[in-house]
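Convention: sequence-line order gives letters A, B, ...; per-chain numbering from 1. Because the structure is a prediction, the values reported are computed rather than measured.
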Amino acid sequence: MSQTGHIVDRQEVAQVLERIAAFQELRGENAYRVRAFRTAARAVSSLPRPIQDALADGTLAETRGVGPATVQIIQEIVGTGHSSLLEDLREQVPPGLVEMLAIGGLGVTKIRQIHESLGVDTLPELEAAARDGRLAQLPRFGKRTAENVIRGIASLRQATEFRLHHHAREEAVRLVVALERLPGVLHAHIAGDVRRAMELVRDVVVVVEADCAPQEIFQRLADLPGVHEFAGQDERVVMLRFVGGASARVVVTTRVNAGAVLVQATGSAEHLRRLGEHAATSGHTLRAAALWRGNSFTATPDEGALYGALGLPWIPPELREGMGEVEAAAAGALPALVGPEDIRGVLHCHTVDSDGTNTVVELADAVAAAGFAYLGITDHSESAAYAGGLDPAIIAQQAAEIDGYNRRQSGFRALKGIEADILADGSLDYDAETLASLDFVIASVHSRFHMTEEEMTARVLKTMDNPYVAIIGHPTGRLLLARKAFPLDMDAIMEKAAAVGVALEINADPHRLDLDWRLLRRAKERGVKISIGADAHSIAGIANMEIGVGLARKGWLGPADILNTLPVDEFVRFACHRRPR
DNA sequence: GCCGTTTTCGGCCCGACTGTTTTCAGTCG
């Protein structure tokens, strides 16, 4: 996980704890002990501060879900870069079996059965067994199970090819910091999918402005701690692979051409194709290292200079998908995009009352300190038993706590909300009286995903008839790299949302990012209000808001399209406008 | 393993779905 010179971060520690849990589970360890490690992993990954600090001042030991055994493991990881417990487990259980846990439909029991009766302990062996019929012959296995396994292995391959946005961004930031320390490097810039705010990232791309020869930079790169493999692509580009399996492309440029190089390292293939066509109309050619006109190159020290030379305004990176932005720029019709500073309220936050890790007060203080004007607290509802959903008595208790908190504030308000489960028939699991006691209601599907498109659409449409529902949470239910969206007629949903005045959510949890940005322009055209929800389960989750804003920008949305750019009173008015008086 | 006491040991998420069976175990959210 770590090596000398590399500072361990909380995500790496959380990964070790997750691995320990998985190995223990396969060993047949007590299920609650396994769960304790998972809880600890989650608590660690959402620590608001560096793990070293939390360890040093004792706050780690006080963190819920982190007990003495976990603290000891973390001390070892931070001090030595490895965990002897994990290493022991690795010797007892074939690591391939742990990888199998990520295949849907395979749990501990089935994997042990596969291992014991077929002697299979790697993914390739498992795939072979699924294809040649051996798997389907095991007791309580069948054709369907074998097909699921083959599908699961394929999607695992995809999952290792792509990374979630927030993980890729963390890697990119770390790389930029390391690169900017190298002699000869003037600046390092994040480019590629990360800069375009893509929800999934294949390659981390960083552009380096250097005042020395690229070869000198490459030499220093190869010596960076943690670099495992180094492959030159051409005289200005290298591919780095790190010990942890992550990879990154580093593009070196001179300062005078930085604009041309950064634009090409950032834009999608389609953006660059259309930009090339536009450039040709004024006799320009965009080549890898520079912008040319005939035999003379045009200086482009920054992106503004590049777009300017082509008669265009600077195009925000999130828009560079080749979906009409070059044409809009040429026509002076680029949208004015929403920015993080426009957001007044953090919505969709869970507390310890359901499955969050911070209290109402901790969360509210953190949101206020981050400069927002309001916080929408929305714990799970009663039927979400797995997430500690709130019964009406706890709702009343939380309401009293929020009222008390608000009395002590000026200029900041915590709102009483709920994330209510949409039941199979489209109704909610609270009566009107309970819903009326809240400032706003988010309604989300959390169960019964396997409906036909007609059934699921009818279910959500019916939910929108409930006059207390203000927002439909994570409308399509997808989990990136893990679960497909359920089938839903989004045109029908958007039409109704606009007609009755219900907002649709951009859920900014980096595992969801749902609605998909590709749907947002259609929503905007129909006049649907979009709510950006953090879906925070801890203070650290407040940072999701920025990812949500990135998605909104990708969808060409402006401040007026977003519900939580409204001041708190107007937000509550929107949330309550359909309620009976 | 963690938590919270009724303070050092007992409880911790439960109901629905899937794919297999032919009455239900295993997985999942």
Handout entry: Nearest-angstrom distance from the residue atom CG of A/L390 to P of B/dC13
Key = 15 Å

Practice task
On the 0 to 90° scale, with breaks at 30° and 60°, tag the A/H511-A/H166 ring pair as parallel, tilted or perpendicular.
Solution key: perpendicular

Problem - B/dT20 to B/dT5 separation - P atoms, rounded to the nearest Å - result: 46 Å

Exercise for the section: Mind checking A/G104 for me? I need base, sugar-phosphate or nothing, with any heavy atom below 4.0 Å counting as a touch. Expected result: sugar-phosphate

Practice task
Please state the C1' separation for the pair B/dC2 and B/dC13 - nearest whole angstrom.
Solution key: 16 Å

Problem - Check: A/D353/A/H380 side-chain N/O donor and acceptor closer than 3.5 Å - result: no

Practice task
Check the distance between B/dG29's C1' and A/L423's CG and give it to me in whole angstrom.
Solution key: 15 Å

Problem - Partner of A/K416 under salt bridge (Lys or Arg N to Asp or Glu O under 4.0 Å), chosen from A/D403, A/D379, A/D439 - result: A/D403

Practice task
Just compare B/dT27, B/dG29, B/dC17 and give me whichever is closest to any side-chain atom of A/K110.
Solution key: B/dT27

Practice task
Return the value, rounded to whole Å, for the distance between atom CD of A/Q113 and atom P of B/dG26.
Solution key: 8 Å

Practice task
For A/R483, report the nucleic acid contact type (base, sugar-phosphate, nothing); a contact means any heavy atom under 4.0 Å.
Solution key: sugar-phosphate

Handout entry: Worked verdict on A/M456 versus A/E453 for side chain to side chain contact (heavy atoms under 4.5 Å, CB included)
Key = CA-CA 5 Å; A/M456 193 58 101; A/E453 179 171 325; 6.0 Å; no

Exercise for the section: Could you check how far NE2 of A/H446 sits from P of B/dC17, rounded to whole Å? Expected result: 17 Å

Problem - Nearest-Å distance once atom C1' is located in both B/dG11 and B/dC17 - result: 27 Å

Fill in the blank from the handout: By the Watson-Crick or G-U definition, both distances under 3.5 Å, B/dT8 is matched with none

Fill in the blank from the handout: note: A/I111, atom CD1; B/dA25, atom C1'; distance rounded to Å ~ 16 Å

Practice task
Check whether any side-chain heavy atom of A/I77 sits under 4.5 Å from a side-chain heavy atom of A/L86, and report yes or no.
Solution key: no

Practice task
Measure from CZ on A/R38 to C1' on B/dC12 and round the result to the nearest Å.
Solution key: 15 Å

Practice task
Between A/T109 and A/R448, just flag the one whose closest nucleotide in DNA chain B comes earlier from the 5' side.
Solution key: A/R448

Practice task
Could you state the atom-to-atom distance from NE2 of A/H450 to P of B/dG29 in whole Å?
Solution key: 8 Å

Problem - Residues A/Y374 and A/N564: side-chain donor-acceptor under 3.5 angstrom - result: no

Problem - Inter-nucleotide P distance (B/dG4, B/dT18), Å rounded - result: 37 Å

Donor-acceptor pairs are to be reported for all side-chain atoms of residues 24-35 of chain A against protein atoms at under 3.5 Å, with residues two or more places apart or in another chain.
unit_1: A/E25; atom_1: OE1; unit_2: A/R38; atom_2: NH1; d: 3.3
unit_1: A/E25; atom_1: OE1; unit_2: A/R38; atom_2: NH2; d: 3.0
unit_1: A/R27; atom_1: NE; unit_2: A/Q92; atom_2: OE1; d: 2.8
unit_1: A/E29; atom_1: OE1; unit_2: A/R33; atom_2: NH1; d: 2.8
unit_1: A/E29; atom_1: OE2; unit_2: A/R33; atom_2: NH1; d: 3.3
unit_1: A/N30; atom_1: OD1; unit_2: A/Y32; atom_2: N; d: 2.6
unit_1: A/N30; atom_1: OD1; unit_2: A/R33; atom_2: N; d: 3.1

Exercise for the section: Show your working on side chain to side chain contact (heavy atoms under 4.5 Å, CB included) between A/I547 and A/R169 and close with a plain yes or no. Expected result: CA-CA 10 Å; A/I547 303 177; A/R169 175 169 289 277; over 6 Å; no

Exercise for the section: Run the salt-bridge test on A/D514 and A/R483 with the 4.0 Å N-O cut-off and return the result as yes or no. Expected result: no

Problem - Separation of B/dC12 P from A/D355 CG (nearest whole Å) - result: 18 Å

Handout entry: Span that lies between the C1' atom of B/dC14 and that of B/dT6, in whole angstrom
Key = 26 Å

Exercise for the section: Ignoring hydrogens and angles, tell me if any N or O in the side chain of A/H165 forms a donor-acceptor pair with the backbone of A/L200 under 3.5 Å. Expected result: no

Handout entry: Inter-nucleotide P distance (B/dT22, B/dC9), Å rounded
Key = 46 Å

Handout entry: P-based separation of B/dG1 from B/dT7 [nearest Å]
Key = 24 Å

Fill in the blank from the handout: Expected string for nucleotides 1-10 of chain B under the B/S/- scheme (protein heavy atoms, under 4.0 Å, primed atoms plus P, OP1, OP2 as sugar-phosphate) is BSSS------

Exercise for the section: With a 4.0 Å heavy-atom cut-off, tell me which residues in residues 125-155 of chain A come close to DNA chain B, sorted by residue number. Expected result: A/R140, A/F141, A/G142, A/K143, A/R144, A/T145, A/N148

Handout entry: Separation of the P atoms in B/dT21 and B/dA16, to the nearest angstrom
Key = 24 Å

Handout entry: Polar contact flag, side-chain donor to acceptor under 3.5 angstrom, A/T59-A/R49
Key = yes

